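Computed from a predicted model, the values in this text were never measured in an experiment. A note on names: the letters A, B, ... follow the listed sequences, proteins ahead of strands, and every chain is numbered from 1.
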Amino acid sequence: MKEKELRRSLAVLPMGTVMKLTSLTARQIRYYEAQDLVFPQRSDGNRRMYSLNDVDRLLEIKDYLADGVNVAGIKAIYNQQQRAAQEKKSAESQPLTDDDVRRILQDEFIRQGGLGHPAPGIQQQRPF
DNA sequence: ATTCTGACA
DNA sequence: TGTCAGGA
């Protein structure tokens with residue numbers, strides 16, 4: 001169930017394809033990017049490359065606009081969504097944070113007789 | 001043939 | 001937002 005999300009996030013669609021998939025004009029699609037509503041990757045000759053997730057987001061933007069929500073409003077919605085997602089990852093959902101794991105492994109290594117040398121592979125671990 | 005940026009009769 | 005210019 002992880003392979004699928006990887007594919008959906010692969011930027012392989014050029015402008016023309018996205019235009020057909022969303023019924024939006026190139027002008028509009030570029031404008032939404034300028035407003036930081038979508039972040040397509042760039043490829044070879046500075047060409048925008050969109051993922052299926054990007055297309056979904058554009059479709060989403062499209063009907064938010066149709067419902068009378070302005071660009072600022074849409075931006076606010078995404079900001080709060082990203083905010084909610086961050087909180088779920090750090091506190092509630094995850095019993096052990098990366099920081100917790102690092103500290104636990106460190107303590108265990110010392111208890112086994114190690115001398116202050118961090119266990120290989122985990123000493124440079126930086127949470128977040 | 002396609003897409004990109006900048007600009008506005 | 002449309003559309004045209006001038007490049008890549």
Atom of A/V38, atom of A/D54 and distance for their closest heavy-atom approach: CG1-O, 4.4 Å
Grab the stems for DNA chain B, please: at least three consecutive Watson-Crick or wobble pairs, both distances below 3.5 Å, written as range with range. B:4-8 with C:2-6
Given atom CG of A/D44 and atom P of B/dC4, what is their separation to the nearest angstrom? 10 Å
Walk along nucleotides 3-8 of chain C from 5' to 3' and tag each nucleotide B, S or - by protein heavy-atom contact under 4.0 Å, base first, then sugar-phosphate. B----B
Let me know the distance between CE of A/M49 and C1' of B/dC4, rounded to the nearest Å. 14 Å
Salt bridge check, A/R102 against A/D99: does any charged N sit closer than 4.0 Å to a carboxylate O? yes
Separation of C/dT1 atom C1' from A/Q35 atom CD, nearest Å, is 13 Å
Taking the side chain of A/R48 as its heavy atoms from C-beta onward, which of B/dT5, C/dT1, C/dG2 lies nearest to it? B/dT5
Whole-Å distance, A/E33 CD to B/dT3 P, equals 14 Å
Whole-Å distance between B/dA1 P and A/M15 CE? 18 Å
Can you tell me how far the CZ atom of A/R30 sits from the OG1 atom of A/T25, to the nearest 0.5 Å? 8.5 Å
Looking at C/dT1, I'd like to know if its phosphate oxygens (OP1 or OP2) sit under 4.0 Å from a side-chain N or O belonging to A/Y32. yes
Kindly confirm or rule out a cation-pi arrangement of A/R57 over A/Y78, judged by NZ or CZ under 6.0 Å from the six-membered ring centre and within 45° of its axis? yes
Treating A/N70 as the side-chain partner and A/A72 as the backbone partner, does any N or O pair qualify as donor plus acceptor under 3.5 Å? yes
Distance in Å, A/R8 CZ paired with A/D56 CG, rounded so as to fall on 0.5 Å steps: 4.5 Å
From CZ of A/R42 across to P of B/dT3 the rounded distance in Å is 13 Å
If you count the non-hydrogen atoms of other residues, nucleotides and ligands that lie under 6.0 Å from CZ in A/R83, is the total more than 12? no
Nearest heavy-atom approach of A/K62 to A/T22 is NZ-O, 3.2 Å
Is A/M19 reachable from A/F39 through a run of hydrophobic residues whose side-chain heavy atoms are each under 4.5 Å from the next? no
Grab the CZ-C1' distance between A/R30 and B/dT3 for me, whole Å please. 6 Å
What is the separation between atom CD on A/Q28 and atom P on B/dT3, rounded to the nearest whole Å? 16 Å
